[in-house]
Amino acid sequence: MAYITFDIDKLRYNYNYLDKLFNKGKIEWSVVTKLLCGNKDYLNELYKMGVQQMCDSRISNLKSIKSIHSDITTIYIRPPANYNVSNVVKYADISLNTEEKTIRLLSEEAQRQNKIHKIIIMMELGELREGVLGEKLIEMYEKVYSLKNIEIIGLGVNLSCLYGILPSKEKLIQLIHYQKLIKKNFKKKLKYLSGGTSVTIHLIWDKTLPKGINHFRVGETLFFGTDVYESKEADFLQHNLFKLYAQIIEISEKPMQPEGEFGTNLEGKTFELDETLFGITSKRALVDVGLLDVAAEHIIPVDENISIVGATSDILVLDLGNNSQSYKVGDFIEFKLNYYSTLKLLNSKYIEKRIVSNL
């Protein structure tokens, strides 16, 4: 059975680095756990490292977090759908919001559950995903700040996810400006300016993060050791925390070109013959992972002599060349992963999840 490994020692290294970095800047931070898809073993490892806040965009994952350790502060990081308000209040201590109607529903539900539900209002700063336009903030805040069982604790922003708009000192100063408007108009200083995600960490490294940004929501840099701003691995962090291992279920010497009339495959792709490969054969291996689990273009064989030919729903086809490593049926092929492929694999019920310790 194909399986994915999660290196806890590498995770601890990255966590300790980031925790020290944020503490130095007097910044609170929350781990974005949506990548882990609610895996309780993985979530428990984070808890043991000292994580105080966990963010997620899926209620089922927040439910898993609360079932492990109810003392963890949970944050729902997608604007709540109206039908899901009761569960948001039940499993999230804090939610990110942009709509007056939704906040009113959260207020009503929080009263029913006898809870104080905390809210961070998300601002629109150019990414054109979720966020209140700056000129609408005072009007919106005036309508919701006194709602029963609701505590507005901060303003936030999300950048780089949709259009790749990068954070900048100037954009984050806008967020600080909106906080000052709230203080001026309502005599209320908000606790959080949640202006940071993994892509914003770069501004700490190059010392351009405006003073006042005091809350980050971080996933990718923790789990992959990346400098998201520069789209590269950070030299001083650990990488390859996740790896995929798929088992060989067939090896054969086969032609490098298919034979017959071409139609479309299950992905709707049509292939063309490469006449230069006629008469040439190579060792081909089939492994026990497929499109149900992961997109082939997002995984890379660790062995550079191996190339991926293609994939069907539950089989990946590999070209082993002359099979210089003498792979055989039953051997496992190791693959490097990116964020997207890891997310798909961890969400697949057909892939075994393991914890390893390698440092």
Side-chain angles (χ1 to χ4, degrees), residues 14-32 52-53 55 57 75 77-79 94 96-98 119-141 152-186 188-237 339:
N14 288 353
Y15 175 80
N16 288 338
Y17 170 85
L18 290 170
D19 197 46
K20 183 178 179 180
L21 180 72
F22 291 130
N23 285 338
K24 185 177 180 181
K26 297 181 180 179
I27 295 168
E28 290 188 48
W29 68 298
S30 177
V31 174
V32 180
Q52 301 296 310
Q53 293 183 354
C55 306
S57 56
I75 306 177
I77 55 173
R78 180 169 62 182
I94 304 168
L96 310 186
N97 283 266
T98 60
I119 283 175
I120 294 173
I121 296 175
M122 299 299 284
M123 300 301 300
E124 173 58 65
L125 295 183
E127 178 70 4
L128 300 182
R129 204 177 77 162
E130 79 273 23
V132 177
L133 292 170
E135 60 266 29
K136 299 289 186 180
L137 175 62
I138 297 302
E139 177 186 353
M140 185 256 202
Y141 190 91
I152 301 175
I153 62 169
L155 301 178
V157 66
N158 183 70
L159 296 167
S160 86
C161 287
L162 181 61
Y163 289 106
I165 299 299
L166 293 171
S168 64
K169 181 177 181 179
E170 291 71 27
K171 284 189 177 297
L172 295 179
I173 285 175
Q174 289 181 53
L175 194 64
I176 296 170
H177 169 70
Y178 295 135
Q179 181 195 46
K180 291 179 179 178
L181 284 179
I182 295 296
K183 184 177 181 180
K184 177 182 177 181
N185 285 273
F186 300 96
K188 168 75 173 179
K189 183 175 182 180
L190 301 174
K191 178 180 179 181
Y192 286 143
L193 279 182
S194 189
T197 59
S198 288
V199 71
T200 319
I201 295 173
H202 188 90
L203 275 63
I204 301 177
W205 289 332
D206 66 10
K207 296 180 173 56
T208 58
L209 182 74
K211 185 177 181 181
I213 302 301
N214 62 2
H215 188 261
F216 271 59
R217 312 176 308 274
V218 176
E220 184 172 345
T221 298
L222 172 65
F223 294 124
F224 292 89
T226 48
D227 177 350
V228 181
Y229 191 98
E230 297 284 355
S231 298
K232 66 179 184 180
E233 293 180 341
D235 294 336
F236 36 83
L237 291 172
Y339 188 96

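Numbers here are sequence positions counted from 1.
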Those residues that, when tested against [X], pass ring pair (Phe, Tyr, Trp, His ring centres under 6.0 Å) (two or more places apart):
X      : value
Phe22  : Trp29, Phe216
Tyr178 : none
Tyr163 : none

Which heavy atom of [X] sits nearest a heavy atom of [Y], and at what distance?
X      : Y      : result
Ile204 : Leu21  : CG2-CD1, 3.7 Å
Ala234 : Trp205 : CB-CH2, 4.2 Å
Gly156 : Ile120 : N-CG2, 3.6 Å
Ser198 : Val218 : OG-CG1, 3.5 Å
Val199 : Ser160 : CG1-OG, 3.7 Å

So, taking the atom named [atom1] in [X] and the one named [atom2] in [Y], what distance separates them when rounded to the nearest 0.5 Å?
X      : Y      : atom1 : atom2 : result
Met122 : Arg78  : CE    : CZ    : 13.5 Å
Ile75  : Ser57  : CD1   : OG    : 12.5 Å
His177 : Ile182 : NE2   : CD1   : 10.5 Å
Leu96  : Cys55  : CG    : SG    : 7.0 Å
Lys180 : Lys189 : NZ    : NZ    : 10.5 Å
Lys188 : Tyr141 : NZ    : OH    : 6.0 Å

[X] side chain near [Y] side chain, heavy-atom distance below 4.5 Å:
X      : Y      : value
Leu18  : Thr221 : yes
Lys171 : Ile165 : yes
Leu159 : Leu166 : no
Ile77  : Val32  : yes
Leu172 : Thr200 : yes
Leu155 : Tyr192 : no
Ile27  : Ile213 : no
Met123 : Leu175 : yes

State whether the side chain of [X] and the backbone N or O of [Y] hold a donor-acceptor pair below 3.5 Å, judged by distance alone.
X      : Y      : result
Thr226 : Lys232 : no
Gln179 : Leu193 : no
Arg217 : Val31  : no
Asn23  : Asp19  : yes
Glu124 : Gly126 : yes
Gln52  : Ser30  : no

Checklist entry - Taking atom CD of Glu230 as the centre, does the number of heavy atoms from other residues, nucleotides or ligands within less than 6.0 Å exceed 12? => result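 Buried by this count: over 12 neighbours within 6.0 Å.
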Next on the checklist: Would Ile121 and Asn97 count as a side chain to side chain contact (heavy atoms under 4.5 Å, CB included) here? Give the steps.
Outcome noted: CA-CA 5 Å; Ile121 296 175; Asn97 283 266; 5.5 Å; no
Checklist entry - Looking at residues at least two apart in the chain, or sitting in another chain, which of them share a side chain to side chain donor-acceptor pair (under 3.5 Å) with Asp227? => result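 With sequence neighbours excluded, Asp227 shows a side chain to side chain donor-acceptor pair (under 3.5 Å) to His202, given in chain and number order.
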Checklist entry - Which residue pairs pass the salt bridge (Lys or Arg N to Asp or Glu O under 4.0 Å) test when at least one of the two sits in residues 128-140, sequence neighbours left out? => result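 Pairs touching residues 128-140 that pass the test: Glu139-Lys143.
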Checklist entry - Lys191: what forms a side-chain contact (heavy atoms from CB on, under 4.5 Å) with it, not counting sequence neighbours? => result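 Scan of Lys191 (side-chain contact (heavy atoms from CB on, under 4.5 Å), adjacent residues dropped) gives Glu28.
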Checklist entry - Taking it one step at a time, do Asn14 and Phe223 satisfy side chain to side chain contact (heavy atoms under 4.5 Å, CB included)? => result CA-CA 8 Å; Asn14 288 353; Phe223 294 124; over 6 Å; no
